[in-house]
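Read through the structure below, which is laid out as structure tokens, and then see the notes.
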Amino acid sequence: MRILKKYWFLIILGLFSFFLFSFKIQSSSSFEGDLGRDLFEIGKISYGNFTLLGPKGSFGGIYTAPYHYYLFLIPFLFSGRQLGGVLFFNAILFSLSLVFFSFHVSKKFGRLAGFLSGLVVMLLPFFIFSARNPGNGFTPVLFFLVFLTIIYFYDLNKFNQLKILLLGLLLGIIISTLFVYVIILVPILLFLYFLLKNKKMFFLFLIGVFLAFSPLILFEFKNHFIMLKNTFVDKSYLSFVNNTNLPNGVKLNKNIFINTFDLIKKMQPYLGINIYLAIFFLLGSLVWVKRYKERLLILITGISFVILTLVLRFQYSAHYLLPFLTIFSFCLLTMIVNNKYKIFILITLIILLVFSFPGSYYANAQRNYSLIKNRVEKTLAKLPVSKSNKFNVILKRSDNAPTPAGNEYRFFFLINGYEPQSDFLYKDSEKLFVFSEESVIDFKNFDTWEMSEFDYSKVKKISHFSSDRKMTIYLLEK
């Protein structure tokens with residue numbers, strides 16, 4: 001009870017942040033792409049189809065670990081296999097990570113500094129967006145914030161072997177869930193190596209990191225190292241280097257100097273504050289900050305940015321920025337709370353972030369959960385398919401987004417008792433549902449890998465109907 005009286009503001013911060021992260025979350029969530037894929041995979045796991053693999057990564061043929069599937073499995077089941085359970089659970093976790101960070105700032109720098117620091121993190125656009133978008137691209141942000149809080153606010157030399165091992169496991173889970181976190185691996189390892197007096201503990205930390213990759217290693221042993229062979233023997237990694245693995249993939253400048261300014265420009269809307277001023281503040285902090293730990297934190301943040309500029313010369317996606325934005329924001333806030341003018345600076349940041357608040361994150365989604373659900377239910381009512389049929393799904397979007405498998409539609413077939421075949425088995429399918437945002441399709445000239453595998457020349461019957469103004473659904477039967 002005494003703790004509640006002392007840290008009552010953390011309850012307010014947690015409740016207010018949850019409201020901010022969850023407000024209009026169901027109507028504004030686009031149920032498509034990665035979210036559709038994840039919910040489909042979680043749905044399969046909920047029916048007993050367990051997996052060692054998460055989504056395929058961008059680098060070659062290597063898949064990520066499936067930790068976020070299992071993380072969201074329980075709220076998914078408790079909500080009756082609804083998207084809402086996953087959305088709200090993700091928002092809760094982000095609020096808890098925020099409270100965890102604010103609590104530790106409060107203990108060291110005072111309750112007002114802790115509360116204001118928490119408000120700053122809560123208002124960072126990238127943090128709001130991540131809290132409202134569960135998945136392997138965004139959920140690791142909260143765990144990385146927790147990880148950074150632990151390694152900065154705790155004396156790691158007082159950790160026993162189990163704690164160090166678990167800390168390494170946490171970092172390994174973060175990296176194996178989204179490989180772009182590899183940009184912070186070397187900087188973090190340097191930070192821990194210089195802080196840990198007992199170097200045996202450092203190697204124990206490395207073992208923890210390694211253990212997080214166990215699902216992928218087990219899969220490789222069971223399947224004769226197929227991912228490594230595909231990536232390095234068949235050289236599929238070149239599709240990442242040459243930026244050919246994603247349709248309309250963005251490629252930044254290979255000139256590191258130019259790429260630096262390109263990246264800074266792309267970070268600006270996700271940070272919400274002037275990034276150049278933040279950089280100058282951190283550089284100035286090297287002069288007046290006296291403690292070794294703070295200087296080391298600034299150093300590894302700078303190294304992370306250098307690695308980021310090197311890696312993102314090949315391929316760019318907005319969520320690739322999240323590991324650096326998280327460590328940069330954390331470093332900035334820790335330097336601010338170490339400054340004697342911390343309260344003034346934090347209040348200024350909060351005002352700036354309020355004026356740059358990303359209201360667009362709350363707009364109604366064009367392709368929302370209810371819309372996709374309604375389309376599939378109408379399809380099952382109007383087009384003949386039995387649970388014993390071997391059928392598959394193709395999605396043809398008007399914007400040519402690279403999501404032909406239509407996992408968001410597969411999900412609703414699944415929870416209605418109709419499990420589609422794998423998107424690698426179009427050749428074996430007897431029926432094919434084509435969800436098209438274009439009213440008319442010339443199937444003879446519909447030249448995609450999925451359609452070629454299904455083999456249109458074997459089609460004997462085509463049925464179709466329009467579920468709404470923007471969707472025509474075809475059933476092709478061999």
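Sequential numbering from 1 along the given sequence is applied to the chain's residues.
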Do other residues, nucleotides or ligands put more than 12 heavy atoms under 6.0 Å from the [atom1] atom of [X]?
X: Leu190; atom1: CG; result: yes
X: Tyr270; atom1: OH; result: no
X: Phe344; atom1: CZ; result: no
X: Phe213; atom1: CZ; result: yes
X: Phe355; atom1: CZ; result: no
X: Lys107; atom1: NZ; result: no

Judged by atom type as modelled, is there a donor-acceptor pair below 3.5 Å linking the side chain of [X] to the main-chain atoms of [Y]?
X: Asn90; Y: Ser130; result: yes
X: Ser29; Y: Gln26; result: no
X: Ser28; Y: Tyr362; result: no
X: Asn198; Y: Asn157; result: no
X: Ser102; Y: Gly114; result: yes
X: Gln268; Y: Ile273; result: yes
X: Gln161; Y: Met201; result: no
X: Asn407; Y: Arg410; result: no

If you round to the nearest 0.5 Å, how far is [atom2] of [Y] from [atom1] of [X]?
X: Leu123; Y: Ile128; atom1: CG; atom2: CD1; result: 5.5 Å
X: Leu297; Y: Glu294; atom1: CG; atom2: CD; result: 7.5 Å
X: Phe179; Y: Asn136; atom1: CZ; atom2: CG; result: 9.5 Å
X: Ile300; Y: Phe194; atom1: CD1; atom2: CZ; result: 11.5 Å
X: Ile188; Y: Leu148; atom1: CD1; atom2: CG; result: 5.5 Å
X: Leu282; Y: Leu299; atom1: CG; atom2: CG; result: 12.0 Å

Quiz item: Hey, mind stepping through Phe412 and Tyr369 against ring pair (Phe, Tyr, Trp, His ring centres under 6.0 Å) and telling me if it holds?
Solution: CA-CA 10 Å; Phe412 285 111; Tyr369 183 83; 5.0 Å; yes
Can you find a pair of side-chain heavy atoms, one from [X] and one from [Y], that are under 4.5 Å apart?
X: Phe89; Y: Ser79; answer: no
X: Leu171; Y: Phe205; answer: yes
X: Met267; Y: Leu308; answer: yes
X: Ile173; Y: Phe143; answer: no

Is it possible for you to check whether [X] lies under 6.0 Å from the centre of the six-membered ring of [Y], through NZ or CZ, and within 45° of that ring's axis?
X: Arg132; Y: Phe23; value: no
X: Lys342; Y: Phe109; value: no
X: Arg81; Y: Tyr47; value: yes

Mind checking whether [X] and [Y] have ring centres under 6.0 Å apart?
X: Tyr152; Y: His104; answer: no
X: Phe40; Y: Tyr409; answer: no
X: Phe94; Y: Phe127; answer: yes
X: Phe328; Y: Phe305; answer: no

Run the salt-bridge test on [X] and [Y] with the 4.0 Å N-O cut-off and return the result as yes or no.
X: Asp262; Y: Lys265; answer: no
X: Glu437; Y: Lys470; answer: no
X: Glu32; Y: Arg397; answer: yes

Practice problem: Could you walk me through whether Phe330 and Phe101 pass the ring pair (Phe, Tyr, Trp, His ring centres under 6.0 Å) test, one step at a time? | Solution: CA-CA 10 Å; Phe330 183 87; Phe101 167 73; 5.8 Å; yes
Quiz item: What orientation do Phe18 and Phe88 show, parallel under 30°, tilted 30 to 60°, or perpendicular over 60°?
Solution: tilted
